[in-house]
Peer 1: 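Quick one: the structure is below, and I'll ask about it shortly.
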Amino acid sequence: QVQLVESGGGLVQAGGSLRLSCAGSGHTFSNYAMGWFRQAPGKEREFVAVISWTGSATYYADSLKGRFTISRDNGKKMVYLQMNGLEPNDTAVYYCAAEPSALGTKSETDFEYWGQGTQVTVSS
């Protein structure tokens with residue numbers, strides 16, 4: 001079993017940056033692909049990025065390529081989401097999730113474990 005706790009959210013001005021962190025627990029952490037999703041007010045949760053269990057492969061939502069970067073440190077059981085050039089429409093609750101697969105997918109139904117989320121608010 002994997003437990004996930006996100007941190008690093010907050011209030012930032014448009015154009016700013018934030019780095020979200022996700023701390024995992026459980027000895028099988030490195031056996032999971034890890035993903036980030038987000039849910040804006042009044043909208044469905046959407047895929048942001050996913051990273052393979054070795055960290056060698058990443059995949060991003062098309063609209064976020066070039067601004068967001070996902071990474072992981074299996075030794076520390078951590079996953080990160082570096083967000084640059086933030087825009088007001090990036091405002092959302094961001095969730096970390098674990099998928100029992102090597103490469104990962106963008107479908108939230110494939111993810112088995114979820115964190116509680118961290119709020120990101122971008123002001124204009």
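Atom set for the values below is all heavy atoms of this structure, side chains included, hydrogens, waters and symmetry mates excluded.
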Peer 1: Holding to side chain to side chain donor-acceptor pair (under 3.5 Å), I want the full list of residues that pass it with Thr105, two or more places apart in sequence or in another chain.
Peer 2: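 Residues passing side chain to side chain donor-acceptor pair (under 3.5 Å) with Thr105: Glu99, Asp110.
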Peer 1: Evaluate Tyr59 against Phe47 for side chain to side chain contact (heavy atoms under 4.5 Å, CB included), listing each step before the verdict.
Peer 2: CA-CA 10 Å; Tyr59 183 72; Phe47 169 77; 3.7 Å; yes
Peer 1: Show your reasoning for whether side chain to side chain contact (heavy atoms under 4.5 Å, CB included) applies to Gln119 and Thr91.
Peer 2: CA-CA 8 Å; Gln119 176 70 48; Thr91 295; 4.0 Å; yes
Peer 1: Any idea how Trp114 and Tyr95 line up, ring-wise: parallel (<30°), tilted (30 to 60°), or perpendicular (>60°)?
Peer 2: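 Geometry flag for Tyr95 against Trp114: perpendicular rings.
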Peer 1: Measuring from atom NZ of Lys77 to atom CZ of Phe29, what distance do you get when rounded to the nearest 0.5 angstrom?
Peer 2: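 Between atom NZ of Lys77 and atom CZ of Phe29 there are 8.5 Å.
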Peer 1: Is the shortest side-chain heavy-atom distance between Met83 and Val120 below 4.5 Å?
Peer 2: yes
Peer 1: Is there side-chain contact between Thr69 and Tyr80, with at least one heavy-atom pair below 4.5 Å?
Peer 2: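 The answer is no, as the side chains (C-beta and beyond) never meet within the 4.5 Å cut-off.
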Peer 1: Determine whether Phe68 and Asn84 make a side-chain contact, defined as any pair of heavy atoms from C-beta on separated by less than 4.5 Å.
Peer 2: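 The answer is no, as the side chains (C-beta and beyond) never meet within the 4.5 Å cut-off.
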Peer 1: How long is the straight-line distance from CD of Gln82 back to OG of Ser17, given to the nearest 0.5 Å?
Peer 2: 5.5 Å
Peer 1: To the nearest 0.5 Å, what is the distance between NZ on Lys43 and CG on Asn89?
Peer 2: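 So the gap between those two atoms works out to 7.0 Å.
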Peer 1: How about Leu86 and Leu18: do any of their side-chain heavy atoms sit closer than 4.5 Å?
Peer 2: yes
Peer 1: Tell me every residue that passes side chain to side chain donor-acceptor pair (under 3.5 Å) with Glu112, counting only those two or more places apart in sequence or in another chain.
Peer 2: none
Peer 1: Distance from Leu4 atom CG to Tyr113 atom OH, nearest 0.5 Å?
Peer 2: 9.5 Å
Peer 1: Set out, in order, the CA-CA distance, both residues' side-chain angles and the distance that settles side chain to side chain contact (heavy atoms under 4.5 Å, CB included) for Val48 and Leu64, then state yes or no.
Peer 2: CA-CA 7 Å; Val48 173; Leu64 301 176; 3.6 Å; yes
Peer 1: Tell me, please, which residues at least two apart from Arg38 pass salt bridge (charged side-chain N to carboxylate O under 4.0 Å, His left out).
Peer 2: Glu46, Asp90
Peer 1: Measuring from atom CE of Met78 to atom SG of Cys96, what distance do you get when rounded to the nearest 0.5 angstrom?
Peer 2: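 One finds 9.0 Å between CE of Met78 and SG of Cys96.
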Peer 1: Please check if the number of heavy atoms outside Gln13 that lie under 6.0 Å from its CD is greater than 12.
Peer 2: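 Atom CD in Gln13 is not crowded, with 12 or fewer foreign heavy atoms closer than 6.0 Å.
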Peer 1: Is atom CD of Gln39 surrounded by more than 12 heavy atoms (other residues, nucleotides or ligands) closer than 6.0 Å?
Peer 2: yes
Peer 1: Starting from Leu11 and following side-chain heavy-atom contacts under 4.5 Å between hydrophobic residues (I, L, V, M, F, W, Y), which residues can be reached?
Peer 2: none
Peer 1: Take Phe111 and Phe37 through the side chain to side chain contact (heavy atoms under 4.5 Å, CB included) test and state the conclusion after the steps.
Peer 2: CA-CA 11 Å; Phe111 286 78; Phe37 291 78; 3.5 Å; yes
Peer 1: Ser107: which residues meet the side chain to side chain donor-acceptor pair (under 3.5 Å) condition with it, sequence neighbours left out?
Peer 2: Thr109
Peer 1: Going by side chain to side chain contact (heavy atoms under 4.5 Å, CB included), name the residues that satisfy it together with Ser52, two or more places apart in sequence or in a different chain.
Peer 2: Thr54, Ser56, Ala57, Leu103
Peer 1: Rounded to the nearest 0.5 Å, what separates atom OG in Ser30 from atom CH2 in Trp53?
Peer 2: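 Rounded to the nearest 0.5 Å, the OG-CH2 separation comes out at 8.5 Å.
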